[in-house]
Participant: 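Below you'll find the structure I mean.
Every heavy atom of this structure was used, including side-chain atoms; hydrogens, water molecules and symmetry mates were not. Quick note on labels: first sequence line is chain A, next is B, and so on, each numbered from 1. Only a predicted model underlies this, so the values are computations on that prediction, with no experimental measurement involved.
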Number of protein chains: 2
Amino acid sequence: MRNTKQRQIVLDAVMQSRTHPKAEDIYSVIHAEHPHISRATVYRNLNQLTEMGQIRHVMMPGSSGNRFDWRTDHHSHLVCVECGRICDMEEHAPMADDQYAQEKTGYSHVSHVTVYYGTCPDCQKKQKH
Amino acid sequence: MRNTKQRQIVLDAVMQSRTHPKAEDIYSVIHAEHPHISRATVYRNLNQLTEMGQIRHVMMPGSSGNRFDWRTDHHSHLVCVECGRICDMEEHAPMADDQYAQEKTGYSHVSHVTVYYGTCPDCQKKQKH
DNA sequence: ATAGCTGCAAAATGTTTGCGCGAAA
DNA sequence: TTTCGCGCAAACATTTTGCAGCTAT
């Protein structure tokens with residue numbers, strides 16, 4: 001894979017993000033600073049960087065567009081149903097769940113994705129008054 | 001909500017399905033038998049029936065389009081990574097996981113969606129040949 | 001030199017919407 | 001009869017693709 005300026009810019013944008021941005025969000029940020037970089041290039045590079053394991057594709061249920069994450073280790077996401085903010089979370093007992101699924105269904109090589117939904121502390125405060 | 005023929009046809013199609021079809025799949029099935037029913041009507045009714053709790057929107061991670069389920073109770077889904085088949089699965093310890101997330105993050109009213117991925121028994125056989 | 005990458009525009013995909021007509025209550 | 005839902009087509013949102021020229025190796 002070639003090391004182009006465009007690819008570096010896309011990678012940097014994801015590495016500096018902490019909000020689990022959508023592809024389109026990343027494009028917007030990049031486009032503001034580098035208007036000559038095309039949407040296709042951003043999307044292509046996001047996919048390639050994901051394939052090479054340098055960034056992660058956060059698969060969100062629902063059709064609201066997928067997101068990208070600078071963290072590549074296994075962790076879950078917790079979405080605030082009020083403000084949409086997404087925070088990271090370590091998993092409880094990931095192996096046990098996969099094991100359980102495997103035994104119960106006969107499927108092999110089982111893995112999973114869990115997304116949590118709730119109300120974040122900030123939004124809890126706002127709701128009180 | 002009015003009880004139209006179209007809405008009944010859409011509901012029947014979902015209730016008879018066992019493959020967790022996408023909206024477009026449901027439209028295809030209906031369109032084959034009732035060519036006069038429009039795509040917009042199918043989509044609108046799927047959304048309305050979901051809102052009323054008569055069917056369920058199965059939120060799949062990834063951007064492969066969301067699916068609909070005749071079952072409205074809480075259960076997980078297991079997707080075969082080879083053939084794409086989706087089967088239902090009861091959850092291991094759903095309450096414990098939500099409790100854990102709540103304590104760990106301070107979010108309230110926590111719920112979650114888990115999707116499992118694996119290789120189904122049929123595809124395991126095929127791979128051995 | 002020559003793959004591989006880019007920008008552009010168009011296509012593909014999946015879903016929603018505006019509007020005038022028709023049907024359920 | 002009046003309101004809600006339908007069919008149609010167009011709009012929309014997001015992502016992918018074909019292609020001709022450019023660039024990193």
Side-chain angles (χ1 to χ4, degrees), chain A residues 1-14 17 19-69 79 84 86 115, chain B residues 1-14 17 19-69 79 84 86 115:
Chain A
M1 189 164 76
R2 260 186 216 174
N3 182 22
T4 62
K5 285 171 195 169
Q6 290 87 341
R7 178 161 302 142
Q8 192 59 50
I9 288 166
V10 171
L11 180 57
D12 287 349
V14 176
S17 74
T19 58
H20 307 85
K22 298 181 203 178
E24 193 60 26
D25 299 333
I26 295 165
Y27 170 70
S28 297
V29 168
I30 291 175
H31 188 74
E33 193 127 347
H34 308 275
H36 58 97
I37 295 183
S38 76
R39 182 178 271 107
T41 297
V42 173
Y43 276 80
R44 268 191 291 239
N45 279 315
L46 286 171
N47 288 340
Q48 280 178 63
L49 289 165
T50 300
E51 235 167 74
M52 302 197 50
Q54 297 194 250
I55 61 175
R56 191 104 161 205
H57 203 162
V58 182
M59 309 219 281
M60 298 302 296
S63 48
S64 47
N66 290 318
R67 292 160 181 277
F68 291 87
D69 198 339
V79 183
I86 299 176
V115 178
Chain B
M1 188 165 74
R2 255 180 220 179
N3 182 21
T4 61
K5 284 172 196 170
Q6 289 89 339
R7 179 162 301 143
Q8 193 59 49
I9 288 167
V10 171
L11 180 57
D12 286 349
V14 176
S17 75
T19 57
H20 307 85
K22 298 180 202 180
E24 193 60 26
D25 299 332
I26 295 165
Y27 170 69
S28 296
V29 168
I30 291 175
H31 187 74
E33 194 126 347
H34 309 275
H36 58 97
I37 295 183
S38 77
R39 180 178 273 106
T41 298
V42 173
Y43 277 79
R44 267 190 293 239
N45 278 315
L46 286 171
N47 288 340
Q48 279 177 65
L49 289 165
T50 300
E51 235 167 75
M52 302 195 50
Q54 297 194 248
I55 61 176
R56 190 105 161 206
H57 202 164
V58 182
M59 309 217 280
M60 299 301 296
S63 48
S64 46
N66 290 318
R67 294 161 180 278
F68 291 87
D69 199 339
V79 183
I86 298 176
V115 178

Participant: B:E24 has a side chain; which of D:dG7, C:dT6, C:dT15 sits nearest to it?
Facilitator: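 Closest of the options to the side chain of B:E24: C:dT15.
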
Participant: In B/S/- notation, 5' to 3', how is nucleotides 16-25 of chain C contacted by protein heavy atoms closer than 4.0 Å?
Facilitator: BBB----BBS

Participant: According to the salt bridge (Lys or Arg N to Asp or Glu O under 4.0 Å) rule, which pairs have a member within residues 24-41 of chain A, sequence neighbours left out?
Facilitator: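 Sorted result for residues 24-41 of chain A: A:E24-A:R39.
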
Participant: Can you measure B:K22 atom NZ to C:dT15 atom P for me and round it to whole angstrom units?
Facilitator: 8 Å

Participant: May I have the distance from A:N66 (atom CG) to D:dA13 (atom P), rounded to whole angstrom?
Facilitator: 18 Å

Participant: Could you tell me how far apart B:D25 (CG) and C:dT13 (P) are, to the nearest whole angstrom?
Facilitator: 14 Å

Participant: Has B:R67 got a side-chain atom pairing as donor or acceptor with B:V58's backbone, closer than 3.5 angstrom?
Facilitator: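 Checked: no pair found.
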
Participant: Run the side-chain contact (heavy atoms from CB on, under 4.5 Å) test on A:R7 and A:M1 for me, step by step, so that the C-alpha distance in whole Å, both residues' side-chain angles and the decisive distance to 0.1 Å come before the verdict.
Facilitator: CA-CA 10 Å; A:R7 178 161 302 142; A:M1 189 164 76; 2.6 Å; yes

Participant: OP1 or OP2 of D:dC8 versus the side-chain N and O atoms of B:S38: is any pair under 4.0 Å?
Facilitator: no

Participant: In this structure, how many angstroms lie between the P atom of D:dT15 and the CE atom of A:M59, rounded?
Facilitator: 14 Å

Participant: Round to a whole Å and report the spacing from NE2 of A:H31 to C1' of C:dT6.
Facilitator: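 Taking atom C1' of C:dT6 as the reference, NE2 of A:H31 is at 15 Å.
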
Participant: Counting the benzene-type ring for Trp, do A:F68 and A:H57 have ring centres under 6.0 Å apart?
Facilitator: yes

Participant: Tell me the interatomic distance from B:R7, atom CZ, to D:dC4, atom P, rounded to whole angstroms.
Facilitator: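 In whole Å, D:dC4 P and B:R7 CZ are 12 Å from each other.
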
Participant: Check whether any side-chain heavy atom of A:L49 lies under 4.5 Å from a side-chain heavy atom of A:V14, and answer yes or no.
Facilitator: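 Heavy-atom side-chain distance check fails, nothing below 4.5 Å.
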
Participant: Do any side-chain nitrogens or oxygens of B:N45 fall under 4.0 Å of OP1 or OP2 in D:dC6?
Facilitator: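 The answer is yes; a side-chain N or O of B:N45 sits under 4.0 Å from OP1 or OP2.
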
Participant: Show your working on side-chain contact (heavy atoms from CB on, under 4.5 Å) between A:I26 and A:L46 and close with a plain yes or no.
Facilitator: CA-CA 9 Å; A:I26 295 165; A:L46 286 171; 3.9 Å; yes

Participant: Could you state the atom-to-atom distance from OH of B:Y27 to C1' of C:dT13 in whole Å?
Facilitator: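 Checked: the OH to C1' distance equals 15 Å.
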
Participant: Strictly below 4.0 Å: does A:Q6 bring a side-chain N or O up to OP1 or OP2 of C:dG7?
Facilitator: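 For C:dG7, OP1 or OP2 has a side-chain N or O of A:Q6 closer than 4.0 Å.
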
Participant: How many whole angstroms separate atom CD1 of B:I30 from atom C1' of D:dG7?
Facilitator: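 So the two atoms are 14 Å apart, to the nearest Å.
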
Participant: For B:D12 and B:Q8, test the side chains for any donor-to-acceptor distance below 3.5 angstrom and give the result as yes or no.
Facilitator: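 A donor-acceptor contact under 3.5 Å links the two side chains.
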
Participant: Compare side-chain N and O positions of A:H36 against OP1 and OP2 of C:dG7 and report whether any pair is under 4.0 Å apart.
Facilitator: yes

